[in-house]
Amino acid sequence: MSVHSRRLQELEARVPRLPVDPVVLEVPHLLQFALDEAYLGVELYPRQATLLKVMGCSPELFTDYDRVVLDEWTDGFALADRDDGTSGFTGSCGVVGDVAARMDYCRARGRALFREVLLGLCCVV
């Protein structure tokens with residue numbers, strides 16, 4: 001046994017043993033994190049709230065407004081064949097057309113949100 005191991009054991013022996021209660025960490029939804037004064041407490045534009053609901057894979061939070069916005073966003077992408085023989089979504093503004101299926105996929109696998117989100121600036125004139 002090394003000097004360091006022996007010293008560590010001595011220190012651990014002096015620490016009082018407390019009952020171990022599992023800590024349940026409640027992670028708020030992205031929207032709650034943004035809006036709640038206990039966290040960020042910021043004001044959002046309606047479309048920013050829609051985006052957080054999408055990023056958080058939470059279609060159950062969608063309002064009629066969110067559904068209209070999402071329909072508009074998905075119109076910006078179309079499924080097309082690529083030069084390599086595969087198909088995929090192409091577009092420059094919006095979200096992929098199967099975003100609802102992707103949210104369902106994540107939720108079915110226990111994910112609270114998308115692992116990766118690519119955001120870019122989109123200007124509609």
Side-chain angles (χ1 to χ4, degrees):
M1 179 183 295
S2 72
V3 174
H4 296 292
S5 297
R6 190 172 28 254
R7 180 75 178 128
L8 180 59
Q9 285 181 346
E10 290 170 4
L11 289 171
E12 287 177 338
R14 290 189 214 163
V15 175
R17 298 289 175 195
L18 300 174
V20 179
D21 289 330
V23 176
V24 177
L25 178 62
E26 183 178 328
V27 178
H29 182 274
L30 289 174
L31 190 60
Q32 180 185 357
F33 181 77
L35 297 174
D36 196 318
E37 290 295 326
Y39 302 103
L40 295 180
V42 296
E43 291 185 30
L44 298 175
Y45 289 104
R47 287 175 181 249
Q48 290 173 318
T50 301
L51 181 60
L52 290 179
K53 293 173 192 178
V54 170
M55 290 169 55
C57 298
S58 301
E60 72 278 2
L61 298 178
F62 286 173
T63 63
D64 290 339
Y65 174 82
D66 296 321
R67 289 182 194 87
V68 168
V69 169
L70 198 54
D71 286 344
E72 178 187 319
W73 287 350
T74 57
D75 284 345
F77 276 75
L79 192 58
D81 293 327
R82 298 180 182 141
D83 293 337
D84 64 0
T86 63
S87 63
F89 287 96
T90 60
S92 59
C93 185
V95 297
V96 292
D98 66 346
V99 70
R102 293 176 188 217
M103 285 188 279
D104 292 341
Y105 178 90
C106 287
R107 293 301 287 269
R109 281 149 186 80
R111 297 181 194 158
L113 30 94
F114 285 111
R115 288 185 177 170
E116 196 172 314
V117 177
L118 300 176
L119 298 174
L121 181 60
C122 177
C123 297
V124 178
V125 185

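Worth knowing before you read on, the calculation uses all heavy atoms, side chains too, and leaves out hydrogens, waters and symmetry mates.
Qualifying side-chain contact (heavy atoms from CB on, under 4.5 Å) partners for Glu10, counting only residues two or more places apart in sequence or in other chains: Arg6, Arg7. In this structure, the side-chain contact (heavy atoms from CB on, under 4.5 Å) partners of Asp84, at least two apart in sequence or on a different chain, are Arg82, Thr86. Under the rule for a side chain to side chain donor-acceptor pair (under 3.5 Å), Thr74 has no partner lying at least two apart in sequence or in another chain. With sequence neighbours left out, the side chain to side chain donor-acceptor pair (under 3.5 Å) criterion links Asp104 to no other residue. With sequence neighbours left out, the salt bridge (Lys or Arg N to Asp or Glu O under 4.0 Å) criterion links Asp98 to Arg102. Taking Tyr65 as the reference, nothing meets the ring pair (Phe, Tyr, Trp, His ring centres under 6.0 Å) condition, with sequence neighbours excluded. Partners of Asp64 according to the side chain to side chain donor-acceptor pair (under 3.5 Å) rule, which considers only residues two or more places apart in sequence or in another chain, are Arg67. Here Arg47 pairs with Glu72 under the salt bridge (Lys or Arg N to Asp or Glu O under 4.0 Å) rule; sequence neighbours left out. Taking the salt bridge (Lys or Arg N to Asp or Glu O under 4.0 Å) definition, one finds that Glu60 meets it with Arg107, sequence neighbours left out. Every side-chain contact (heavy atoms from CB on, under 4.5 Å) that Glu116 has, sequence neighbours left out, goes to Leu118. When the ring pair (Phe, Tyr, Trp, His ring centres under 6.0 Å) test is applied to Phe33, the partners found at least two apart in sequence or on another chain are Tyr39. Leu35 is linked by a side-chain contact (heavy atoms from CB on, under 4.5 Å) to Leu31, Leu44, counting only residues two or more places apart in sequence or in another chain.
There is no path of hydrophobic side-chain contacts, each under 4.5 Å, that joins Val54 to Leu61. Using a 4.5 Å cut-off between side-chain heavy atoms of Ile, Leu, Val, Met, Phe, Trp and Tyr, with links allowed through other members, Leu40 and Met55 fall into the same hydrophobic cluster. Both Phe77 and Val117 are assigned to one and the same hydrophobic cluster, defined by single-linkage of ILVMFWY side chains at heavy-atom distances under 4.5 Å. Cluster annotation: Val68 and Phe62 are assigned to distinct hydrophobic clusters (Ile/Leu/Val/Met/Phe/Trp/Tyr, side-chain heavy-atom contacts under 4.5 Å, transitive). Val99 and Leu79 fall within a single hydrophobic cluster, where Ile, Leu, Val, Met, Phe, Trp and Tyr side chains are chained together by heavy-atom contacts under 4.5 Å.
Using a 4.5 Å heavy-atom threshold, the side chains of Cys57 and Arg111 count as separate. Looking at Leu51 and Leu119, their side chains come closer than 4.5 Å, going by heavy atoms from C-beta outward.
Closest approach of Ser58 and Met103 over heavy atoms only: N-SD, 4.1 Å.
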